[in-house]
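Worksheet: the structure to be examined is printed underneath.
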Amino acid sequence: MGVHINANPGDVAEIVLMPGDPLRAKWIAETFLEDAKCYNTVRNMLGYTGTYKGVPVSVQGSGMGLPSFSIYAHELIHDFGAKKLIRVGSAGAMKEHVKLRDVVIAMSASTTSSINRSRFDGGDYAPTASFDLFKKALKIADEKNIDVKAGNVLSSDLFYTDQKDDYKKWADYNVLCVEMEAAALYTIAAKFNVDALAVLTISDSLVTGEVTSTEDREKTFNQMIDIALGLA
Ligand SMILES: O=P(O)(O)O[C@H]1O[C@H](CO)[C@@H](O)[C@H]1O
Ligand SMILES: O=c1cc[nH]c(=O)[nH]1
């Protein structure tokens with residue numbers, strides 16, 4: 001049992017999909033998994049385990065931001081033995097060629113958070129995807145004819161920035177999009193020596209100002225789920 005995940009040993013599968021939104025977790029469990037059962041309702045941060053093509057798979061909401069994500073990732077690995085964490089999240093495009101609904105796989109995650117500076121006594125750690133999961137995800141995308149972009153993403157502490165153009169410096173250095181958790185995922189997975197990958201869908205564009213609806217973000221980003229489940 002963890003402090004924030006009120007489940008029993010064995011309730012959580014070795015592979016866990018992690019959307020920020022707990023209602024996206026519910027949608028994934030109900031839409032893609034067989035016999036999904038809810039194992040966590042603490043703080044309404046819903047977690048489910050079911051099967052996908054006969055393989056046990058869990059889906060656990062993480063909440064927003066590196067601190068919240070870090071708590072769930074830590075407990076999933078440390079208390080429940082998770083071995084593969086796949087973030088399935090929304091992100092804002094920072095480059096013109098990254099379009100609404102594009103799937104972006106995070107090879108690495110820059111961050112504005114100071115969590116890793118504290119952890120590494122001022123040093124700049126480089127949070128990086130698992131090569132094995134990354135390779136497999138590209139293969140799955142290819143087989144399923146899903147066009148993906150891959151590169152560095154930004155895990156920001158801020159959703160609302162003070163200046164509209166704050167993203168441009170990151171874009172100038174080829175960072176593809178902004179979200180709020182991947183850097184924590186890659187750091188915590190590395191600490192515990194488990195595999196991790198962030199598969200993102202572009203929900204809005206900081207370049208063009210286009211947006212998708214709340215319902216779209218909760219229930220329609222199927223392609224990233226297809227890729228994530230292919231990793232099970
Ligand atoms: O759609 P999710 O997975 O929550 O991800 C993105 O959406 C939230 C902000 O709206 C942040 O958590 C960000 O990382
Ligand atoms: O963190 C996020 C997620 C989606 N869009 C953004 O601009 N930021």
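Worth knowing before you read on, the calculation uses all heavy atoms, side chains too, and leaves out hydrogens, waters and symmetry mates. As the structure lists them, so they are numbered: ligands from 1, and atoms in each ligand from 1.
Nearest non-hydrogen protein atom to atom 7 (O) of ligand 1 is S90 OG, 3.2 Å. Looking from atom 11 (C) of ligand 1 to the surrounding protein, the closest heavy atom is E181 OE2, 3.5 Å. When hydrogens are left out, the protein atom nearest atom 10 (O) of ligand 1 is F159 CE1, 3.5 Å; that is the closest non-hydrogen contact.
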Ligand 2 polar-atom proximity to protein (N/O, under 3.5 Å):
{"from": "ligand 2", "atom 1": "5 (N)", "to": "G92", "atom 2": "N", "distance (Å)": "3.2"}
{"from": "ligand 2", "atom 1": "5 (N)", "to": "D204", "atom 2": "OD1", "distance (Å)": "2.8"}
{"from": "ligand 2", "atom 1": "5 (N)", "to": "D204", "atom 2": "OD2", "distance (Å)": "3.2"}
{"from": "ligand 2", "atom 1": "7 (O)", "to": "D204", "atom 2": "OD2", "distance (Å)": "3.2"}

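Nearest to atom 5 (O) of ligand 1 by heavy atom, out of M180, R87, E179, is R87.
For R217, no nitrogen or oxygen atom sits less than 3.5 Å from a nitrogen or oxygen atom of ligand 1, counting backbone and side chain alike. Polar contact check, G20 against ligand 1: a nitrogen or oxygen pair lies under 3.5 Å apart.
Under a 4.5 Å side-chain heavy-atom criterion applied to ILVMFWY residues, the cluster that includes I115 comprises L66 as well.
With hydrogens and angles disregarded, no donor-acceptor distance shorter than 3.5 Å links the side chain of K164 to the backbone of T161. In this structure, the side chain of T111 engages the main chain of S155 through a donor-acceptor pair within 3.5 Å.
The cluster map of Ile, Leu, Val, Met, Phe, Trp and Tyr, joined by side-chain heavy atoms under 4.5 Å apart, puts F134 and V175 in different clusters. In this structure, L46 is not a member of the same hydrophobic cluster as V12, with clusters built from ILVMFWY side-chain heavy atoms closer than 4.5 Å.
Under 4.0 Å is where a charged nitrogen must lie from a carboxylate oxygen, and between D132 and K136 at least one such pair does.
Each of the following atoms of ligand 1 lies closer than 4.0 Å to a heavy atom of R24: 1 (O), 2 (P), 3 (O).
Within the structure, ligand 1 lacks M18 among the residues with a heavy atom less than 4.0 angstrom away.
Under the 30°/60° scheme for interplanar angles, the aromatic rings of F192 and H74 are found to stand perpendicular.
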